[in-house]
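As structure tokens, the structure follows; a few thoughts come after it.
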Amino acid sequence: NNHKMILAVDTETTGPDWSHGCRPFLIIATDGIHEWSWWGEVNKFDRSEVIWDEDDLEEIQNLLLEADEIIFHNSKFDLHMLECIGICIRGLWNKVHDTMIQSHIVCSGESHGLKYLAYKYLEFPEDDEDELVSATEQARSANTTWDKARKKHPTAPGEKKGFVHADYWMVPDKCLQYGFGDVHRTLILYIVFSRYIKRKRLWDVYEERRKGIEPIYYMECQGYHVYLQELRDDIEALKQAREMSRRQIQYTAKFPRYFDPKNKTDIRDLFNINLKLESPIETDKGNQSFNKEAIDILIEQNPEIVALQHLQEYNRLQTKIQYLSSYLYWEKDSYIHSNYWITGTRETRMSSEKPNLQNIDRTSRHYFGPPQGYYWIDMDLENIELAVWIYQVGNEELIQIFESGQSVHIFIANLIPKLKEIMNRIGVKAFKELDIYIKLKGGNFAIIYGATEKTADASYTISGAYRIVANRFPEVPEQSNRCIQEVLDNVENSGKPYLTTLGGYPLDVDMKDLFKAPNYKIQGSAGFIMTKGRRRIYDSSDYQLSGGRMANEVHDSLVIQQKLVG
């Protein structure tokens, strides 16, 4: 349509962390005919300051409003950066499109990086950044007094290394040329991917994922509240306990000087001289290695040596301190704003990073909770993967058990003589407190995800458990075989190995890992249902009028922060 304005937009920024002060210094756009660029002025001595001209911001805003479709690659990132400098994005959501999300539909199992995709599908050269990187590194070396991107910079405190791309502002001419390359890549990929998705009748599936960007964006803005004082107090207590362990190592091993467990020489002397132990692992040069693996082996082989018991405790405490301290790196005003990747898994599940808020240690969850004057609502699609699997299997007895509210896990436990005997002896309630119940659920989910008999039995830690389940419910192995056969049929019909989830979302399956097909079917279906559910909640008038805000999502659980009334 010649009257339709499709605008590709990209930002170049002083770093990846918008919540700690990284800002765009260059905004580039193209509609395929015209090109636009706007510069912000980076303070060379304080990179947290990027000054933008008000007239430029107005021009950017008007162009975005004029466009019929706005194309990004990883739209959440660019929209955060645009909003940080005063661009209003509230009215733009209906026309925001994302080639990264499209690429997941086109091929879920490959990289979704812009350079990779443009090279694979457009034969667009990948090496146009090399010259820019080289020029930036030269500029960084030449301007020693400038505030350069570096490890744990205040604007990106969680970064563990320097990131040269955050200093592209030092070489504006080359950066501009590079930026235009990226927006042209994005625009052409959108045209190519859109045609493919429509031809495959997957546009509705793409729309579900596209509409999921908005609620996730505002979930990132909201952040996850952390009880800072409690976290800091516990880290300090752990440090004191770690110091006691360090002293005990030094004392019990009769180490002749201050012992530093982080010092390679001290570790070598501890084992070789004081404890008279040799490492079971050699370096490439034939020397003794005292890496983590070697130390763990020596500790396991010598449980009677008291100094090693204290060293093991020291290492445990050190790991815990590092784990908890990582939350302090990313905290901002008592909130952590994680980055949620919509295309972060091969299925339709999201992933979370910087930091990972979807995998908080059980012993650390109490550090997170609502601030004073608020409460949290935890909305959970309970047993969604189990439900998808049961209806996919289609066994009437399993369906009846599930729909009646009985525990499928306990029902299966009653089929396995060893577990049934334990339950009869101590009762179901006590049985659920045992480790063997956790292993039972692990075995059940191994079957759900298509595990072999050997793998499932290993998960149950009971030989023959899989066979008992398969004999009682013959549809169970049949369901796994159907998933694998679906992939094989698609290879024969289209040349592409994939299966579809509930809702019709295509997921690629590596032919070397065909056994994962049932896993993709179940997890992909559950993730796609969660995508739809999240958006339905976000669109509901009850949610919009309540003032509540999504704060975190962990698999099938959505946490909403709500203000107390009265």
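With sequence neighbours excluded, no residue satisfies salt bridge (charged side-chain N to carboxylate O under 4.0 Å, His left out) with E347. A search for salt bridge (charged side-chain N to carboxylate O under 4.0 Å, His left out) contacts involving K516 returns D513, not counting sequence neighbours. Not counting sequence neighbours, the partners of K292 by the salt bridge (charged side-chain N to carboxylate O under 4.0 Å, His left out) test are D296. Taking the side chain to side chain contact (heavy atoms under 4.5 Å, CB included) definition, one finds that Q309 meets it with nothing, sequence neighbours left out. Every residue two or more places apart in sequence or in another chain that forms a salt bridge (charged side-chain N to carboxylate O under 4.0 Å, His left out) with E313 is listed here: R316. For the side chain to side chain donor-acceptor pair (under 3.5 Å) test, no residue two or more places apart in sequence or in another chain qualifies with K44. N302 is linked by a side chain to side chain contact (heavy atoms under 4.5 Å, CB included) to L277, L298, E304, I305, L308, counting only residues two or more places apart in sequence or in another chain. Checked against side chain to side chain donor-acceptor pair (under 3.5 Å), T145 has no partners two or more places apart in sequence or in another chain. Residues that satisfy the side chain to side chain donor-acceptor pair (under 3.5 Å) test with T452, not counting sequence neighbours, are T455. For K432, there are no side chain to side chain donor-acceptor pair (under 3.5 Å) partners two or more places apart in sequence or in a different chain.
Under the 6.0 Å cut-off for aromatic ring centres, W18 and H337 qualify, their centroids lying closer than that. Between F431 and Y437, the distance from one ring center to the other falls under 6.0 angstrom.
Taking the six-membered ring for Trp and thresholds of 30 and 60 degrees, Y217 and H80 have nearly parallel ring planes, at less than 30 degrees apart.
A side-chain donor-acceptor contact under 3.5 Å links S352 and S338.
Sorted by first and then second residue, the pairs that involve residues 296-327 and meet ring-ring contact (aromatic ring centres under 6.0 Å, His included), not counting sequence neighbours, are Y323-Y327, Y327-F368. The list of ring-ring contact (aromatic ring centres under 6.0 Å, His included) pairs with a residue in residues 287-309, not counting sequence neighbours, reads F271-F290.
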